[in-house]
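None of these values were measured; they are calculated from a predicted model. When reading the values below, keep in mind they use all heavy atoms of this one structure, side chains included, and skip hydrogens, waters and symmetry mates.
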Amino acid sequence: MNTIFKSMESGPLPMKRGRVIKNLADSTISNAMDAIVELVTNSDDSYSREEQAGKKMSGKIDIFISRLKGGHCSEIKVIDGASGMDHVT
């Protein structure tokens, strides 16, 4: 049986940003390396959007890891100069 889908109007979905980010993180991030890759990818995507908008960006992404005995991470920080998330989100 064939199903025909009508095209929907494009635009933002009415969702709470924090909930979407948490749901995505819960489903895709299983270890510290996944978290680092996700955060660096987000930084890079944000820089790309800024550059496409004509802004001159440094492209700098700093990664800080607090390592505990046994190789466990207590904290991961990824800091960039792009737009998007702030220190709270």
Side-chain angles (χ1 to χ4, degrees):
M1 177 180 194
N2 292 336
T3 304
I4 300 173
F5 294 96
K6 294 181 181 179
S7 74
M8 299 174 68
E9 184 179 322
S10 64
L13 294 173
M15 295 183 210
K16 291 185 177 181
R17 182 172 183 260
R19 183 180 176 111
V20 171
I21 291 170
K22 180 169 179 359
N23 286 342
L24 288 173
D26 288 346
S27 66
T28 61
I29 299 172
S30 61
N31 60 47
M33 188 58 69
D34 288 345
I36 294 167
V37 169
E38 182 68 22
L39 292 168
V40 170
T41 300
N42 289 348
S43 294
D44 185 59
D45 290 346
S46 185
Y47 274 127
S48 292
R49 285 190 299 275
E50 296 287 341
E51 290 165 347
Q52 289 173 0
K55 293 182 181 178
K56 197 168 195 172
M57 305 299 293
S58 71
K60 184 177 180 180
I61 301 171
D62 293 320
I63 302 170
F64 300 94
I65 300 172
S66 296
R67 184 186 180 280
L68 300 174
K69 186 176 182 179
H72 299 283
C73 292
S74 65
E75 183 177 47
I76 298 172
K77 290 183 185 180
V78 176
I79 300 171
D80 63 36
S83 63
M85 298 173 71
D86 58 27
H87 71 281
V88 175
T89 52

Ile65 side chain reached by Ile36 side chain, heavy atoms, under 4.5 Å: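 Answer yes - side chains close enough.
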Please round to the nearest 0.5 Å and tell me the distance separating atom [atom1] of [X] and atom [atom2] of [Y].
| X | Y | atom1 | atom2 | result |
| --- | --- | --- | --- | --- |
| Ser83 | Arg49 | OG | CZ | 6.0 Å |
| Leu39 | Asp34 | CG | CG | 11.0 Å |
| Glu50 | Lys56 | CD | NZ | 15.0 Å |
| Asp80 | Asp62 | CG | CG | 9.0 Å |

Side chain Ser46, main chain Asn42, donor-acceptor under 3.5 Å: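 Pair absent, no side-chain N/O of Ser46 close to backbone of Asn42.
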Polar side-chain atom of Tyr47 near backbone of Lys60 as donor-acceptor pair, under 3.5 Å: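 Indeed, once roles are kept as given, a pair shorter than 3.5 Å links the two residues.
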Hydrophobic cluster membership, Ile76 vs Val40, 4.5 Å side-chain cutoff: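 In one cluster with Ile76: Val40, yes.
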